[in-house]
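Notes follow once the structure below has been shown.
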Amino acid sequence: MFCRRTLQFRYVGDLFVAQTDSREGGIVAKTALITGVTGQDGSYLAELLLDKGYTVHGLIRRSSSFNTERIDHIYQGPEEPERSFVLHHADLTDGVALVNLLRDIQPDEVYNLGAQSHVRVSFDAPLYTGDVTGLGTIRLLEAVRASGIQTRIYQASSSEMFGASPPPQNEKTPFHPRSPYSVAKVYSYWATVNYREAYDMFAVNGILFNHESPRRGETFVTRKITRGVARIKAGLQDRLHLGNLDAVRDWGYAPEYVDAMWRMLQCDTPDDYVVATGEGVSVRQFLEFAFEHAGLDWAEHVRYDPKYERPSEVDALIGDASKAEELLGWKPEVKSRELARIMVDADIRLLSDQLTGAAVRVDR
Ligand code: NAP
Ligand code: G4F
């Protein structure tokens, strides 16, 4: 219970924020750096931290087209006098840029969410995935050492690391990774533990099970399904091609999961936590939830395509998050049926906005 008990909260204006530094007997606003701020989780985490009164710095990579759609609604331009949200160009493959960034920002908390995060793609680009998703973490940890700053580090570890180990999986379950992505994540997991032990860093692993939202990338299976439902309903497509429908995942709601990340960094001592709903659902069941909600029959529209199979599959991930519940006071509300509804409704709304030419909001 120590995490919950030792957290102190106070109102600052309208915000209920954690008091973390009482050097002058008051609240000291905190500064965070998020890698992967343009991704699903990065965008929700940035919102959460801004709401708590943090100054948030985000690392974005250079892209030939705009890659900030998920954070455009919180963007603050350089002309704004006292910005609380600042973006910096850098890359997890560039260790020197990371050192410079950390030295300049001096963040109290670093959330390492940047990654090549697509499991199927990691079979096509294994070395790149190893470089970003694996070595990227140790570059960041070394950059913390090299810049000489004191900070707390969150590492985005994944339930994919459990791979072939049967469910339910918790913090004591052995890892058996089944893809270049999860091999890289296991490397990052142990790098984080090693830097904690070797250098006494406050570095933690959040072992998060699948979590989704209307901001989920369009090629992950839940979003591919809910986007497909919206397009089928609107008469824009008739078929949806998918791979293995038997895989079981423990799907939660991303906004709730970023709250667990933050809680981990507010504890007195660093530790690793599983974050999950505890409910396993197959891809086929998720299809049923999503199509049913739109009044459609999935069997009439879904076709099998072996292209979406993986060379080695993870059959079942179902998490046991009792440690996070007990020590962080974290408990998920949204389970997979409700999640499917949220995502289908959002994709129907988004498509309708696009078709009518209405302005599209990112938090659709
Ligand atoms: P996501 O939407 O794919 O976002 C990944 C982020 O990483 C994006 O901002 C991306 O930038 C950035 N990125 C990619 N390569 C980079 C590089 N070389 N240097 C710097 N940034 C780079 O992933 P997510 O779903 O938000 O997940 C966040 C983290 O949690 C990832 O590390 C993921 O592996 C891990 N995770 C996710 C889940 C889940 O179910 N969502 C579960 C467990 C763990 P661009 O926008 O420019 O592509
Ligand atoms: O949505 P997925 O691509 O997610 P996956 O592989 O579980 O990975 C996600 O969750 C991990 C946490 O456990 C994260 F670490 C990782 O970064 C990512 O966010 O696939 C889910 C399941 C798989 O079994 C896959 O084989 O759906 C199956 N599937 C069936 N047809 C498909 C498809 N997956 C995708 N992406 N596309 C399909 O057409």
Side-chain angles (χ1 to χ4, degrees), residues 34-46 58-63 65-71 89-94 97-98 111-122 128-129 131-133 135-137 139-140 154-163 169 177-179 181-182 184-185 188-189 205-213 215-225 228 240-254 257-258 261 274-276 281-284 286-287 302-310 312-317 319:
I34 304 175
T35 75
V37 74
T38 55
Q40 171 188 257
D41 291 4
S43 65
Y44 285 121
L45 180 65
L59 183 161
I60 61 169
R61 22 179 216 166
R62 148 79 189 149
S63 161
S65 54
F66 287 120
N67 60 351
T68 54
E69 194 205 353
R70 295 185 180 101
I71 48 172
H89 277 113
D91 198 294
L92 284 166
T93 57
D94 185 341
L98 297 176
Y111 295 85
N112 185 29
L113 310 186
Q116 190 304 92
S117 73
H118 203 285
V119 174
R120 178 67 192 81
V121 170
S122 77
Y128 175 73
T129 303
D131 194 8
V132 177
T133 307
L135 286 178
T137 305
R139 280 193 198 97
L140 189 64
Y154 172 88
Q155 168 57 22
S157 284
S158 166
S159 53
E160 277 287 311
M161 302 187 303
F162 297 125
Q169 294 100 353
R178 299 270 289 169
S179 64
Y181 166 80
S182 45
K185 282 290 183 187
S188 287
Y189 171 93
N205 285 288
I207 307 174
L208 271 53
F209 282 62
N210 298 50
H211 46 280
E212 321 289 311
S213 74
R215 296 184 197 171
R216 185 57 144 153
E218 289 86 346
T219 61
F220 295 95
V221 77
T222 54
R223 184 75 199 286
K224 186 172 167 183
I225 291 169
L240 181 63
H241 291 93
L242 295 173
N244 176 18
L245 304 189
D246 295 322
V248 170
R249 291 290 182 275
D250 176 336
W251 278 298
Y253 187 40
Y257 283 46
V258 299
M261 297 176 186
V274 157
V275 175
V281 157
S282 69
V283 175
R284 187 177 288 99
F286 192 89
L287 270 172
V302 172
R303 296 291 175 269
Y304 172 69
D305 189 333
K307 173 167 93 187
Y308 298 111
E309 293 272 0
R310 285 122 197 235
S312 46
E313 174 64 289
V314 170
D315 293 332
L317 295 173

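All ligand and atom numbering here is 1-based and tracks the order in the structure. Worth saying up front: this structure is predicted, and the values here are computed from it rather than measured.
Inspection of the Q155 and N112 side chains reveals an N or O donor paired with an N or O acceptor under 3.5 Å. Side chain to side chain, T129 and Q116 meet the donor-acceptor criterion of an N or O pair below 3.5 Å.
Heavy-atom proximity to atom 11 (O) of ligand 1, evaluated over T38, V37, L98, is greatest for T38. One option in L113, I71, T137 has a heavy atom closer to atom 31 (C) of ligand 1 than any other, and that option is L113. In this comparison of A115, S43, A97, the heavy atom closest to atom 14 (C) of ligand 1 sits on A115.
For R310, a nitrogen or oxygen atom sits less than 3.5 Å from a nitrogen or oxygen atom of ligand 2, counting backbone and side chain alike. Of the polar atoms of S159, none of the N or O atoms is found under 3.5 Å from an N or O of ligand 1, judged by distance alone. For N112, no nitrogen or oxygen atom sits less than 3.5 Å from a nitrogen or oxygen atom of ligand 1, counting backbone and side chain alike. The shortest N/O to N/O separation between T222 and ligand 2 does not fall below 3.5 Å. Between V221 and ligand 2, at least one N/O pair is under 3.5 Å apart. Taking only nitrogen or oxygen atoms, main chain and side chain alike, R216 reaches within less than 3.5 Å of ligand 2. Considering backbone and side-chain atoms alike, S117 places an N or O below 3.5 Å from some N or O of ligand 1. Note: an N/O pair closer than 3.5 Å links G243 and ligand 2 by distance alone. Ligand 1 has an N or O atom lying under 3.5 Å from an N or O atom of Q40, backbone or side chain.
Contact annotation: for L59 versus ligand 1, heavy atoms closer than 4.0 Å belong to the side chain alone. Contact annotation: for D41 versus ligand 1, heavy atoms closer than 4.0 Å belong to both the backbone and the side chain. In H118, neither the side chain nor the backbone holds a heavy atom less than 4.0 Å from any atom of ligand 1. With a heavy-atom cut-off of 4.0 Å, Y128 touches ligand 1 through its side chain alone. Using a 4.0 Å cut-off between heavy atoms, L242 contacts ligand 2 through both its backbone and its side chain.
Which parts of ligand 1 touch G39 is read off a 4.0 Å heavy-atom cut-off, strictly below it: atoms 2 (O), 4 (O), 8 (C), 9 (O), 26 (O). Near L92, meaning under 4.0 Å from one of its heavy atoms, ligand 1 places the atoms 17 (C), 19 (N), 20 (C). Taking a cut-off of under 4.0 Å to the non-hydrogen atoms of D91, the atoms of ligand 1 that pass are 17 (C), 18 (N), 19 (N). Which parts of ligand 1 touch N210 is read off a 4.0 Å heavy-atom cut-off, strictly below it: atoms 40 (O). Near A156, meaning under 4.0 Å from one of its heavy atoms, ligand 1 places the atoms 29 (C), 30 (O), 32 (O), 35 (C). Atoms of ligand 2 lying under 4.0 Å from at least one heavy atom of Y181, given by number and element, are 14 (C), 15 (F), 16 (C), 17 (O).
Using a 4.0 angstrom heavy-atom cutoff, S157 counts as in contact with ligand 1. Distances from ligand 1 to the non-hydrogen atoms of K185 include at least one value under 4.0 Å. A heavy-atom separation below 4.0 Å is not found between F220 and ligand 1. For the ligand labelled ligand 1, residue R215 lies outside the 4.0 Å heavy-atom shell. The closest approach between N67 and ligand 1 falls below 4.0 Å for a heavy atom of the residue.
In terms of modelled atom types and a separation under 3.5 Å, the side chain of T137 and the main chain of S188 share no donor-acceptor contact.
Nearest protein heavy-atom contact of atom 36 (N) of ligand 2 is T219 O, 2.9 Å. For atom 6 (C) of ligand 1, the closest non-hydrogen atom on the protein side is G36 CA, 3.6 Å. If you check which protein heavy atom lies closest to atom 41 (N) of ligand 1, you get R216 NH1, 3.2 Å.
Taking F286 as the reference, W251 meet the ring pair (Phe, Tyr, Trp, His ring centres under 6.0 Å) condition, with sequence neighbours excluded. Every residue two or more places apart in sequence or in another chain that forms a salt bridge (Lys or Arg N to Asp or Glu O under 4.0 Å) with R249 is listed here: E160, E313.
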